[in-house]
Amino acid sequence: MSSKTSFPPGMRGLDIDGQDMVLLDADAYGYASGVLKGPLDGRRRAGLTALPAVFEAVLPAVHDTYAAEYFTHVAEMAVLAVEIETLRDRQRGGAATIQSTARQL
């Protein structure tokens with residue numbers, strides 16, 4: 001997929017499995033953008049971590065080739081954003097452990 005992709009026009013106003021596809025797209029990009037700026041708060045982290053399962057549920061119902069490729073790309077972006085947040089959590093946990101140990105010394 002090129003870097004100049006546009007939202008699939010046939011998906012505007014479409015609801016799949018209770019998900020408005022425009023809102024799903026906007027949520028994914030919003031959360032991913034937030035991750036690039038820094039750690040997410042708990043509410044946003046919960047929203048982000050729910051996205052891969054949502055995409056897993058809706059992608060099989062997307063039969064248009066372009067739309068399927070587009071939303072697969074967006075789903076992969078969401079998964080990568082979750083991975084970044086997970087790594088940040090691990091780093092914070094590791095840093096907290098080091099700080100706690102240093103205080104005990």
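Positions are given from 1, in the same order as the sequence printed here.
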Option passing side-chain contact (heavy atoms from CB on, under 4.5 Å) with Phe71 (candidates Val58, Asp25, Asp64): Asp25
Looking at [X] and [Y], what are the two nearest heavy atoms and their distance?
X: Leu51; Y: Ala28; result: CD1-CA, 3.6 Å
X: Ala61; Y: Ile16; result: CB-CG2, 3.6 Å
X: Pro52; Y: Leu48; result: CD-O, 3.4 Å
X: Gln19; Y: Leu24; result: OE1-CD1, 4.3 Å
X: Val62; Y: Ala68; result: CG1-N, 3.5 Å
X: Ala32; Y: Ala81; result: CA-CB, 4.1 Å

Quick check for you: to the nearest 0.5 Å, what is the distance between [X] atom [atom1] and [Y] atom [atom2]?
X: Tyr31; Y: Arg45; atom1: OH; atom2: CZ; result: 12.0 Å
X: Asp20; Y: Arg12; atom1: CG; atom2: CZ; result: 11.0 Å
X: His73; Y: Thr5; atom1: NE2; atom2: OG1; result: 5.5 Å
X: Asp17; Y: Glu56; atom1: CG; atom2: CD; result: 11.5 Å
X: Met11; Y: Tyr66; atom1: CE; atom2: OH; result: 11.5 Å
X: Arg44; Y: Thr49; atom1: CZ; atom2: OG1; result: 12.5 Å

Criterion side chain to side chain contact (heavy atoms under 4.5 Å, CB included) on Leu40 and Arg88, from CA distance to verdict: CA-CA 10 Å; Leu40 299 179; Arg88 280 189 181 135; 5.9 Å; no
Connected via hydrophobic side-chain network under 4.5 Å: Val54 and Val79: no
Within one Ile-Leu-Val-Met-Phe-Trp-Tyr cluster: Phe55 and Val22, side-chain cutoff 4.5 Å: yes
Ser33 (side chain) donor-acceptor with Tyr29 (main chain) under 3.5 angstrom: no
